[in-house]
Amino acid sequence: MECIKTINEVRSIVRKAKKEGKRIGLVPTMGYLHEGHLSLMRMAREKSDFVAVSIFVNPIQFGPNEDYESYPRNMKRDLRLCEDVGIDVVFAPEVPEMYPEELLTHVVVEKITDNLCGTFRPGHFTGVATVVSKLFNIIQPDIAVFGQKDYQQLVVIKRMVRDLNIPVEVIGAPTVREEDGLARSSRNSYLSYEERKVAPVLYQSLLKAKGMLDKGERNPDNIKKVMEVMISSKPYTSIQYISIANPCTLEDLEVIKDKALVALAVYVGKTRLIDNILWGYEDA
Ligand code: PAF
């Protein structure tokens, strides 16, 4: 497995694989890989013949007071994990390779970025859509795999691909959880021992919501209230949002009909964690 730092080099490696008739898969990541990422890589492995993983902590998707500088990094370990999964090439550029000069062009996805995380992280999804479109242009994959844990990100990327006719199939992969239900995330490493003990309440509250929906509750406010009480009863927690939304438009639902996204962002100590479930889908 090669680890490549330049756009020219990775392009020529992928071009060679394409000439050999291989279907190219891409898994974009910010590194500090965990089982969630590995499951995306395995899915890409299954669905393509040559898998590229990008490892790049993208500065333009972090707000000024967010954790760009402190975002966990461990390239040596990441490369070992990629090798173990059978990745063909890792693209791990430095910031000047991706952003050699002031960036005057951005990809702005409207409306579906207004709610949920978009409300609290202005510019975040523009940073994501911009870097992902750059990665798509650099690698030119046939498929790209993203986690459903970042559900809004997945919807935004799918929409960008549709709107801009980017010839890539975007695939969403299920959230991977710890045994106690906590969604795997690189940011879990920020949690203290005590915070880690309370963090599963996020998923427990989502399961509670699912239980209420299964039993016929259709008023989002009633469900959100129960979730709020559950989460707030735990120390260190501070809710940023709980949303019960249309899974396609991401707009808050006033009445739940057949399908819903239940999504939340909660601070546990200083760590912002997100999670979600889809309700009303057979395989969700
Ligand atoms: O989900 C992530 O890790 C990032 O947002 C992504 C898609 C790699 C873009 O930087």
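What you see is a predicted model; the values in this text were computed from it and never measured. Every number for a ligand or one of its atoms is a count from 1 in the order of the listing.
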*For atom 3 (O) of ligand 1, what is the nearest protein heavy atom, given as residue, atom name and distance?*
M30 CG, 3.5 Å
*Pull out every atom of ligand 1 sitting under 4.0 Å from any heavy atom of P28, numbered as shown with elements.*
8 (C)
*For E35, what residues pass the side chain to side chain donor-acceptor pair (under 3.5 Å) criterion, not counting sequence neighbours?*
R42
*N/O to N/O below 3.5 Å, does that happen between T29 and ligand 1?*
no
*Given side chains that start at C-beta, do those of Y190 and D67 come closer than 4.5 Å, heavy atoms only?*
yes
*asked:* Between Y32 and N188, do the side chains contain a donor N or O and an acceptor N or O under 3.5 Å apart?
replied: no
*Check each atom of ligand 1 against the heavy atoms of V131 and keep those under 4.0 Å away; list them by number with element.*
9 (C), 10 (O)
*Do any nitrogen or oxygen atoms of Q61 come within less than 3.5 Å of a nitrogen or oxygen of ligand 1?*
yes
_Closest to atom 2 (C) of ligand 1 among K134, H37, Q153 (heavy-atom distance)_ = Q153
*For residues D252 and N115, determine if any side-chain heavy atom of one lies less than 4.5 Å from a side-chain heavy atom of the other.*
no
*Anything under 30° is parallel, anything over 60° is perpendicular, the rest tilted; go ahead and classify F120 against Y241.*
parallel
